[in-house]
Amino acid sequence: MLIRESVPLAPHTTIGLGGPARYFCEIRTEEDVREALALARERNLPLQILGGGSNVVFADAGFPGLVAKMSIGEMAFEPGRGNAVEMTAGAGVDWDEVVAAAVECGLSGIECLSGIPGTVGGTPIQNVGAYGQEIADTLIEVDCLDRAGMMRVTFDREACRFGYRTSRFKKADRDRYVVFAVRLRLRRDVRPVLRYPELAAAVGRRGGIEQGDPPAAVRLVRETVRELRKAKSMLLDPSDPNTRSVGSFFMNPVIPERAFRELVNGWHASGGRGDPPGYPDGGNVKVPAAWLVENAGFGKGYRRGGVGTSSHHALALVNYGGTTGELLALAQDIERLVLERFGIRLEREAVVIPG
Ligand code: EPU
């Protein structure tokens, strides 16, 4: 395994920020994972695993240890019970290639997760989700290496402790395991279920999914999701400067109904027009962080120095040629103003890695 020195990290991230890694290597096999871990331990270096770089922001100073880019890349399908098909994908495979391969085979279960940037390994860590689906819905198992004892461990879905944009890998066991493969249970001959009103309406406009066979329905959903994401600059596109982001920078806060009523009342009392949006979420209410960001004074296309918000979606903070310092200063101001104005503490979805 080749170890390089002083490798710029910005090109390995979708937001294009961050200084160099002191050491950098590419992991192509489970053996490489062990080698990288051993090297980091031997030289007493911090180790950072990097996937597609679509949810991470490195410091301007770079990373003082070893960055190991996950490139384990294989995909396999196996027949399961009934109409199930089990798909195994290596952590380094591009996530959208996985979705495309499943959809091409007419398999349903992940079509709403089309067009999400990043690689497979990151998907169970933050329980990637969009348009009414999340990886927890189809995941069977995650194969990992325990960094502590260098042992192989497999977690089933329950053991992953999934929640909204979270799992044991993000919380209690942060940085303990290296994910090297994910196994999903997909279905053949099943029409997708459309749970997200915006998606259901857009699919309806394109003829709906009731006509035609299930594989055609799965294809239509994928195309529609990609179109919706493109319209919000949430589909990577070098010609669209809005896509130099990590997608949603913050999570959508989930607050008690009482707090939501207070938000609505406070909004009206201050002369706000219309109602703040909110979606029922297991007895609580999920409030779009994008709405909070916009109405705290950071509308779509807000610019400050080299950073700002996307002109198509206020939740995406964009690098317009700035620095991590500028981006984090903006994030802090947004957090402060949302708290002051609405009494809601935003939680970051993006992972910020200190230098
Ligand atoms: N909205 C605004 N301003 C905006 C954009 C949206 O006020 O600039 C409000 C509107 O009320 C809109 C609502 O937010 O109806 C929801 O917007 P959207 O459908 O775009 O979804 P989101 O809640 O902002 C979440 C995920 C996205 C995912 C979409 C679609 C989080 C943090 N984000 O965004 O995930 O693609 O739903 O399912 O849960 C990501 O994680 O990086 C990501 C892009």
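No experiment lies behind these values; they were computed from the predicted model shown. Both ligands and their constituent atoms are indexed starting at 1 by order of listing.
With a 4.0 Å cut-off on non-hydrogen atoms, His313 touches ligand 1 through its backbone as well as its side chain. Contacts with ligand 1 closer than 4.0 Å are made by no heavy atom of Phe249, backbone or side chain. Residue contacts with ligand 1 for Ala130 involve both N, CA, C or O and side-chain atoms from C-beta outward (heavy atoms, distance under 4.0 Å).
Using a 3.5 Å distance cut-off with no hydrogens or angles, the side chains of Thr154 and Glu141 do not pair a donor with an acceptor. When only modelled atom types and interatomic distance are considered, Thr243 and Asp237 share no side-chain donor-acceptor pair under 3.5 Å. Between the side chains of Asn127 and Ser167, no donor-acceptor pair of N or O atoms lies under 3.5 Å.
The shortest N or O to N or O distance between Phe250 and ligand 1 is not below 3.5 Å.
Between Glu111 and Val225 the shortest side-chain heavy-atom distance does not fall below 4.5 Å. Looking at Arg185 and Thr138, their side chains never come closer than 4.5 Å, going by heavy atoms from C-beta outward. Inter-residue side-chain proximity for Leu9 and Ile353 is flagged as unmet; no heavy-atom pair is nearer than 4.5 Å. Counting only heavy atoms from C-beta outward, the side chains of Arg258 and Glu262 approach each other to under 4.5 Å. Looking at Ser71 and Ile27, their side chains never come closer than 4.5 Å, going by heavy atoms from C-beta outward.
Annotation: atom 3 (N) of ligand 1 to nearest protein heavy atom, Glu294 OE2, 2.6 Å. Of all protein heavy atoms, the one closest to atom 6 (C) of ligand 1 is Ala290 CB, 3.5 Å. At the top of the distance list for atom 36 (O) of ligand 1, counting protein heavy atoms only, stands Arg229 NH1, 3.3 Å. Of the protein's heavy atoms, Arg165 NH2, 2.8 Å lies nearest to atom 35 (O) of ligand 1. For atom 33 (N) of ligand 1, the nearest non-hydrogen atom of the protein is Ser248 OG, 3.0 Å. Scanning the protein heavy atoms around atom 25 (C) of ligand 1, the nearest turns out to be Asn252 ND2, 4.1 Å. Atom 11 (O) of ligand 1 has as its closest protein heavy atom Pro277 CG, 3.5 Å. Nearest non-hydrogen protein atom to atom 38 (O) of ligand 1 is Tyr131 N, 2.6 Å.
Both Val99 and Ile125 are assigned to one and the same hydrophobic cluster, defined by single-linkage of ILVMFWY side chains at heavy-atom distances under 4.5 Å.
Within the model, atoms CG of Asp96 and CG of Leu236 stand 9.5 Å from one another, a figure rounded to the nearest 0.5 Å. Remark: Leu228 CG to Tyr131 OH distance equals 5.0 Å, nearest 0.5 Å.
Among Glu198, Lys232, His312, the residue whose heavy atom sits closest to atom 18 (P) of ligand 1 is Lys232. When the heavy-atom distances from atom 21 (O) of ligand 1 to Tyr164, Trp291, Tyr196 are ranked, the shortest goes to Tyr196. Looking at Glu349, Met234, Glu134, Lys286 and measuring to atom 41 (O) of ligand 1, the nearest heavy atom belongs to Glu349.
Residue contacts with ligand 1 do not include Gln126, since none of its heavy atoms lies under 4.0 Å from the ligand.
For His12 and Phe58, the distance between ring centers is not under 6.0 angstrom.
The contact set between ligand 1 and Pro288, taken as ligand atoms under 4.0 Å from a residue heavy atom, comprises 9 (C), 13 (C), 14 (O). Of all atoms in ligand 1, listed by their number and element, those nearer than 4.0 Å to a heavy atom of Tyr279 are 15 (O). Close contacts between ligand 1 and Gly247 involve ligand atoms 42 (O) [criterion: under 4.0 Å to a heavy atom]. The distance from ligand 1 to the heavy atoms of Ala314 drops below 4.0 Å at these ligand atoms: 4 (C), 8 (O).
Using cut-offs of 30° and 60° on the angle between ring planes, the pair Trp291 and Phe342 is tilted.
Remark: atom 27 (C) of ligand 1 lies closer than 4.0 Å to at least one protein heavy atom.
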